[in-house]
Amino acid sequence: MENIDPQHTESGAAPKPIEKDYESHKADPGPAKPAVTEKDENGGGQALKWVLPLAVIIGLIIWFVMRK
């Protein structure tokens, strides 16, 4: 942990606004509009809604069988 790059620490400052004129801010651009407004319709959360409860139930069944 000694070699922490100070460029990647949080400053507490407000985030940069959505970039509208990239050419004038090439050295330090803000985020693009799709990066901020894109909806996460098919993300990993949909799969985890089913996988985690099944894993817990299977784990409990195995635990109850193995403890005797």
Side-chain angles (χ1 to χ4, degrees):
M1 296 290 296
E2 299 92 29
N3 298 328
I4 296 176
D5 187 2
Q7 180 181 0
H8 295 104
T9 58
E10 291 189 31
S11 65
K16 293 183 181 184
I18 295 174
E19 188 64 60
K20 294 182 174 102
D21 185 15
Y22 178 76
E23 289 300 319
S24 64
H25 301 115
K26 267 187 181 178
D28 192 21
K33 186 174 182 177
V36 177
T37 60
E38 181 180 25
K39 293 186 180 182
D40 185 20
E41 296 170 351
N42 298 320
Q46 297 295 325
L48 289 177
K49 286 181 188 177
W50 295 100
V51 172
L52 287 178
L54 286 174
V56 169
I57 291 169
I58 291 170
L60 285 172
I61 292 171
I62 292 172
W63 182 70
F64 280 123
V65 169
M66 297 297 265
R67 73 178 190 157
K68 289 187 177 189

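E23 pairs by the side-chain contact (heavy atoms from CB on, under 4.5 Å) definition with D21, K26, not counting sequence neighbours.
Both I58 and M66 are part of a single hydrophobic cluster, where members link through side-chain heavy atoms under 4.5 Å apart.
Listed here is the closest heavy atom pair of P29 and E19: CA-OE1, 3.4 Å. Closest approach of I18 to A32, counting heavy atoms only: CG2-C, 4.1 Å. When all heavy atoms of P31 and P17 are compared, the closest pair comes out as CD-O, 3.5 Å.
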